[in-house]
Amino acid sequence: AQKVTQAQTEISVVEKEDVTLDCVYETRDTTYYLFWYKQPPSGELVFLIRRNSFDEQNEISGRYSWNFQKSTSSFNFTITASQVVDSAVYFCALGNRDDKIIFGKGTRLHILP
Amino acid sequence: EPEVTQTPSHQVTQMGQEVILRCVPISNHLYFYWYRQILGQKVEFLVSFYNNEISEKSEIFDDQFSVERPDGSNFTLKIRSTKLEDSAMYFCASGEWQYFGPGTRLTVT
């Protein structure tokens with residue numbers, strides 16, 4: 001069975017601190033994709049990244065970076081120099097092309113001014 | 001950039017009433033999905049739709065739910081007789097990589 005675990009339910013950090021959101025997944029598929037979404041208070045799901053299981057290179061996009069480690073089935077997300085606008089719920093998810101996406105329970109991130 | 005739209009953004013209905021949630025997927029996409037998110041919880045898969053038929057459904061998607069693509073553009077989710085526990089955000093997604101719409105918040109009173 002496929003499963004995504006986000007052990008951190010809620011995190012609070014002070015603005016400008018770095019913060020890492022953890023994600024561990026389970027799947028028997030050899031090919032799969034990992035996702036991160038941001039859900040601000042307005043409720044929409046904002047796509048952040050999709051990563052192929054064959055591509056273990058770390059990804060950096062501005063203040064955001066992702067660390068994919070197949071050996072530990074983890075796909076962690078780091079925000080550098082956090083800002084108040086980063087406050088949201090962040091979901092890690094697992095899926096495949098043309099197939100349903102399995103979401104984790106989410107991590108609620110509070111960035112305190 | 002094309003995007004998925006959903007209407008209404010918020011629907012309030014009484015228990016037992018039928019509701020239809022509408023989605024306009026991205027025009028050349030062939031795969032469509034509905035997901036549900038009860039307030040404060042995770043996003044859950046309901047159903048996938050391809051080639052004018054359901055390709056997969058979850059255990060949540062019981063006989064009270066139905067989907068259709070009535071006119072080649074809209075993709076609808078119907079709940080026949082709403083219950084209080086159907087109150088949630090419903091997301092439509094379009095395409096092989098699942099571009100999500102903004103969601104419809106359904107409140108059942």
Side-chain angles (χ1 to χ4, degrees), chain A residues 1-11 21-27 29 31-53 55 59 75 77 87-110, chain B residues 1-11 21 23 25-26 28-51 53-61 67 87-107:
Chain A
Q2 296 187 315
K3 188 177 175 184
V4 175
T5 302
Q6 295 180 256
Q8 303 150 309
T9 306
E10 203 158 343
I11 300 175
L21 309 184
D22 296 333
C23 173
V24 173
Y25 63 93
E26 294 174 32
T27 182
D29 292 344
T31 302
Y32 52 89
Y33 291 83
L34 296 162
F35 305 80
W36 275 95
Y37 292 87
K38 174 182 180 180
Q39 188 173 45
S42 50
E44 74 270 25
L45 288 170
V46 178
F47 169 82
L48 296 178
I49 191 171
R50 179 181 70 238
R51 177 48 55 105
N52 183 312
S53 56
D55 182 1
E59 173 99 9
F75 187 44
F77 172 35
S87 296
V89 180
Y90 290 86
F91 291 97
C92 180
L94 168 69
N96 229 321
R97 193 171 181 163
D98 306 333
D99 197 4
K100 64 182 180 289
I101 293 176
I102 307 297
F103 286 79
K105 291 185 176 179
T107 296
R108 184 174 296 277
L109 178 63
H110 301 279
Chain B
E1 187 174 307
E3 53 183 30
V4 178
T5 59
Q6 290 186 242
T7 54
S9 56
H10 190 191
Q11 170 107 37
L21 309 183
C23 168
I26 295 170
N28 59 346
H29 284 178
L30 301 177
Y31 292 86
F32 313 107
Y33 306 81
W34 283 102
Y35 291 81
R36 178 183 85 174
Q37 184 185 28
I38 294 171
L39 186 64
Q41 298 187 21
K42 68 177 180 181
V43 180
E44 300 173 289
F45 167 75
L46 285 178
V47 65
S48 56
F49 192 85
Y50 171 71
N51 204 23
E53 60 183 29
I54 290 173
S55 48
E56 186 177 356
K57 58 184 180 180
S58 71
E59 62 272 14
I60 303 169
F61 193 88
V67 290
S87 294
M89 182 78 104
Y90 288 82
F91 291 102
C92 169
S94 163
E96 58 190 14
W97 295 120
Q98 300 193 47
Y99 297 90
F100 281 86
T104 292
R105 184 169 299 283
L106 175 66
T107 303

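In the text below, chain A, chain B and the rest are named by the order of the sequence lines, each starting its count at 1.
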Next item on the list: Compare all side-chain heavy atoms of Gln6(A) with those of Lys42(B) and state whether any distance is below 4.5 angstrom.
Entry: no
Check: Does atom NZ of Lys105(A) have more than 12 heavy-atom neighbours from other groups under 6.0 Å away?
Finding: no
Check: Can Tyr37(A) and Phe100(B) be said to form a side-chain contact (heavy atoms from CB on, under 4.5 Å), step by step?
Finding: CA-CA 10 Å; Tyr37(A) 292 87; Phe100(B) 281 86; 3.5 Å; yes
Next item on the list: Report the distance from atom CD of Gln98(B) to atom CG of Asn96(A), rounding to the nearest 0.5 Å.
Entry: 10.5 Å
Margin query: Could you check whether any side-chain N or O of Glu44(B) sits under 3.5 Å from a backbone N or O of Phe103(A), counting only pairs where one atom can act as donor and the other as acceptor?
Written below: no
Check: Between Ile101(A) and Tyr35(B), is a side-chain contact (heavy atoms from CB on, under 4.5 Å) present by the stated rule, with each step listed?
Finding: CA-CA 9 Å; Ile101(A) 293 176; Tyr35(B) 291 81; 3.6 Å; yes
Item checked: Straight-line distance of Ser48(B) OG to Asp99(A) CG, nearest 0.5 Å -> 7.0 Å
Checklist line | Distance in Å, Glu44(A) CD paired with Ser9(B) OG, rounded so as to fall on 0.5 Å steps | finding: 12.0 Å
Margin query: With a sphere of 6.0 Å drawn around CD of Glu3(B), does it hold more than 12 non-hydrogen atoms of other residues, nucleotides or ligands?
Written below: no
Margin query: Around atom CZ of Arg51(A), are there more than 12 heavy atoms from other residues, nucleotides or ligands closer than 6.0 Å?
Written below: yes
Item checked: Contacting region of Phe91(A) [heavy-atom separation from chain B under 4.5 Å] -> side chain
Note to self: Heavy-atom cut-off 4.5 Å, strictly under: side chain, backbone, both or neither for Arg50(A) against chain B?
What the structure shows: side chain
Next item on the list: Tell me, out of Glu56(B), Gln41(B), Arg105(B), who's got the most heavy-atom pairs with chain A below 4.5 Å.
Entry: Glu56(B)
